[in-house]
2 protein chains.
Amino acid sequence: MATISDVAALAGVSTATVSRVLNGKSTVDTELVSRVREAARALDYRPNTVARNLRRRDSSVLSLVISDVENPFFTAVARGVEDTARAAGYSVLLGNSDEDPDKERAYLELAGQAQTAGVVLSPTGPGTALPEGTPPVVAVDRPLPGGRHDAVLVDTRSAARLATQHLLDQGYQRVACLTGPPGVHTAEDRLAGYREALAGRPELVRRSEFKAAGARQASELLFGERDRPDAVLVANSAMAIGLLETLAQQGLRIGEDVGVVSFDDVPWASLVHPALTVVRQPAHEIGRRAAGLLLDRIGSVRGEAHTVVLAAELVVRGSSTREV
Amino acid sequence: MATISDVAALAGVSTATVSRVLNGKSTVDTELVSRVREAARALDYRPNTVARNLRRRDSSVLSLVISDVENPFFTAVARGVEDTARAAGYSVLLGNSDEDPDKERAYLELAGQAQTAGVVLSPTGPGTALPEGTPPVVAVDRPLPGGRHDAVLVDTRSAARLATQHLLDQGYQRVACLTGPPGVHTAEDRLAGYREALAGRPELVRRSEFKAAGARQASELLFGERDRPDAVLVANSAMAIGLLETLAQQGLRIGEDVGVVSFDDVPWASLVHPALTVVRQPAHEIGRRAAGLLLDRIGSVRGEAHTVVLAAELVVRGSSTREV
DNA sequence: TTGAAAGCGCTAACAA
DNA sequence: TTGTTAGCGCTTTCAA
């Protein structure tokens, strides 16, 4: 690979001039500009971004640390981040923390050491701490403890309340809530919304990790008991899979025997029968807004932390009604 | 952030000694080792990987350029890559080419300029060219033209043949193939397998991009014609969504009226009714093998290109049989 | 075993 | 407008 000195030598100028031409800084004689351009082309020169970043003490890559790459919600967030990052000339380094605080920490360390310009992070839990040297952070989906950081969240509590209320309105009597692990903000928030809607009715709560396997186990317990629920609010789409598998296995008809509302609209929601009623979160927009906030923060270090709270939308389909 | 000089100053040694201690190179007096260690801890020192990479002229990050982050197949490949990369002390820079050769090129440029140690790439198409300065590459899912690069592929042609044969064996008469864009290797391969199984019977081929929307359009055309197919082999899970939506809309019963086999086993395949018969590709293993090949290649620059071809498995469920 | 010194490729003061 | 020079933070000869 040709270096800047090779280009300078071929063009008969100093490396400083080459740098100026290539970065469009200050003004350079048009004659020299074309000589440099030509030399660069002739040598098929590409600037070494590592060297550039070292010198400039920043870079044009953002880190994105998410808790589950196989979750379509986070995948859509990632696209949102990538889209606005790209438009601003940034690229995105993705890390999958897999809900593991150790992995999360490793990726945050990397973000700092690798001179990443900033990070979009969906924290694994309340224990998330930012290592020394971490660049500006925007939290998504879940807030960072301390509230000193920008965040893009969803009003998932109201959504859970509305969803639960909807099930009650449809005549379901024993509405259960299948939510995520204790301490995880989204899990607690959805649970809180559920409780609000219940308004004193007996509650029926089960927890598992945000994966299909855990939700299947929890569902089996839930429906193995004497006082079965006749409706379930489930906290994400992976868990919905575990729940629906269990219902099918037990011969329970969705909608008719058991009303279901799941968080996250997924492409297959309309393909199951009856179609799945969901709480649709604006995942792509979350990513776009987060990247936007981060870019602002990188541009000018203003003080206050901004928290953007987006609304979720209840999309009613067949799984939450008996009038099929 | 503390630098290596700060540590050296505090420990009363040279930066060279600090470097030696931190990298475990050559032998350093135990006394000095502990002084350096302590100084590093006191200052909460973290090496600047950018500077290190510049000097060492390599790095411990791999690039992964895939053609669609929202496709569960590629997401699973990504996990495979990440898992083995992490185990070897590498991290992964993800780029989403979105089937766009320009984006792909941009990410490949980045991989080279950012001194990435290697790249795992699912090429967008036959036009994919590697820019000057691209590190070692291993192709996944689709081969790179020229055959000079390592690749991890799936024998998708045999799988398509078997899947088609299975539909014929089940008594379907007019089997159609809904495949990807012309020139895309996987699209052509699956089509070829379909044709082999047809063995002279009239073929019925439609193409679209590998997305739900395109497949829906194509399906509408396919089922709007006089001579409708009574079975379809569809080339990926996103396209399957478009197809199933169309069938539902037209009131056609899956399995009974129209047999369906789709590529890629997805979590929701068993939730639709009847459950979806699929060709299961070992996505996670593809990722693991690709990362393994890449790490080998990075370790020692041996000549020959290796191509690993993995088998796919037909998983028969209800959508491809009439005996529901 | 240790330190001095050079330099990875680039950018940014500072002079000219 | 251009070139000279001094680093960014680290690793690695080369001497001592």
Side-chain angles (χ1 to χ4, degrees), chain A residues 1-37 39-40 43-61 109-117 132-133 135, chain B residues 1-37 39-40 43-61 109-117 132-133 135:
Chain A
M1 285 290 283
T3 72
I4 199 173
S5 325
D6 299 330
V7 177
L10 184 58
V13 298
S14 72
T15 60
T17 298
V18 176
S19 175
R20 283 190 272 257
V21 170
L22 266 28
N23 293 292
K25 303 284 189 183
S26 74
T27 32
V28 182
D29 189 278
T30 48
E31 151 82 29
L32 290 191
V33 170
S34 53
R35 284 222 317 260
V36 167
R37 288 248 140 80
L43 295 170
D44 199 8
Y45 168 75
R46 336 240 157 164
N48 179 324
T49 50
V50 173
R52 167 180 290 166
N53 293 344
L54 178 62
R55 179 63 231 230
R56 285 196 184 155
R57 322 181 110 271
D58 85 323
S59 81
S60 55
V61 1
E109 292 271 6
L110 180 74
Q113 293 168 13
Q115 222 98 294
T116 296
E132 163 79 14
Chain B
M1 285 290 283
T3 72
I4 198 172
S5 324
D6 299 329
V7 177
L10 184 58
V13 298
S14 71
T15 59
T17 298
V18 176
S19 174
R20 284 190 271 255
V21 170
L22 266 28
N23 293 291
K25 303 284 189 185
S26 73
T27 30
V28 181
D29 189 278
T30 48
E31 150 83 28
L32 291 191
V33 170
S34 52
R35 288 222 313 262
V36 168
R37 288 248 140 80
L43 295 170
D44 198 10
Y45 169 74
R46 337 238 158 164
N48 179 324
T49 48
V50 173
R52 167 180 291 167
N53 293 344
L54 178 60
R55 180 62 227 232
R56 285 197 185 154
R57 322 182 110 270
D58 84 324
S59 80
S60 55
V61 3
E109 292 270 5
L110 180 73
Q113 293 168 16
Q115 222 98 293
T116 295
E132 163 80 14

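Keep in mind the model is a prediction, meaning the values are calculated, not measured. Quick note on labels: first sequence line is chain A, next is B, and so on, each numbered from 1.
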Using whole Å, what does the distance between atom [atom2] of nucleotide [N] and atom [atom1] of [X] come to?
X: B:D6; N: D:dC10; atom1: CG; atom2: P; answer: 9 Å
X: A:Q115; N: D:dC10; atom1: CD; atom2: C1'; answer: 12 Å
X: B:N53; N: C:dG7; atom1: CG; atom2: C1'; answer: 16 Å
X: A:M1; N: C:dC8; atom1: CE; atom2: C1'; answer: 14 Å
X: A:L54; N: D:dC10; atom1: CG; atom2: C1'; answer: 8 Å
X: B:N48; N: D:dG7; atom1: CG; atom2: C1'; answer: 14 Å

[X]: partners by side-chain contact (heavy atoms from CB on, under 4.5 Å), with sequence neighbours left out:
X: B:A16; value: B:S14, B:R20
X: A:V33; value: A:V21, A:V28, A:R37
X: A:T3; value: A:S5, A:D6
X: A:I4; value: A:T15, A:V18, A:S19, A:Y45

Quick one: label B:V13 by what it contacts on the DNA or RNA (base, sugar-phosphate, nothing), any heavy atom closer than 4.0 Å.
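It contacts sugar-phosphate atoms only.
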First encountered from the 5' end of DNA chain C, between A:T49 and B:G12:
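Nearest nucleotide further toward 5': that of B:G12.
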Across nucleotides 11-16 of chain D, 5' to 3', mark each nucleotide with B, S or - according to how protein heavy atoms within less than 4.0 Å reach it.
BB----
Test item: B:N23 side-chain N/O and B:K25 main-chain N/O as donor-acceptor pair under 3.5 Å:
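Looks like no, no N/O pair under 3.5 Å.
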Residue pairs involving residues 44-55 of chain B (criterion salt bridge (Lys or Arg N to Asp or Glu O under 4.0 Å); sequence neighbours excluded):
A:E109-B:R46, B:D44-B:R46
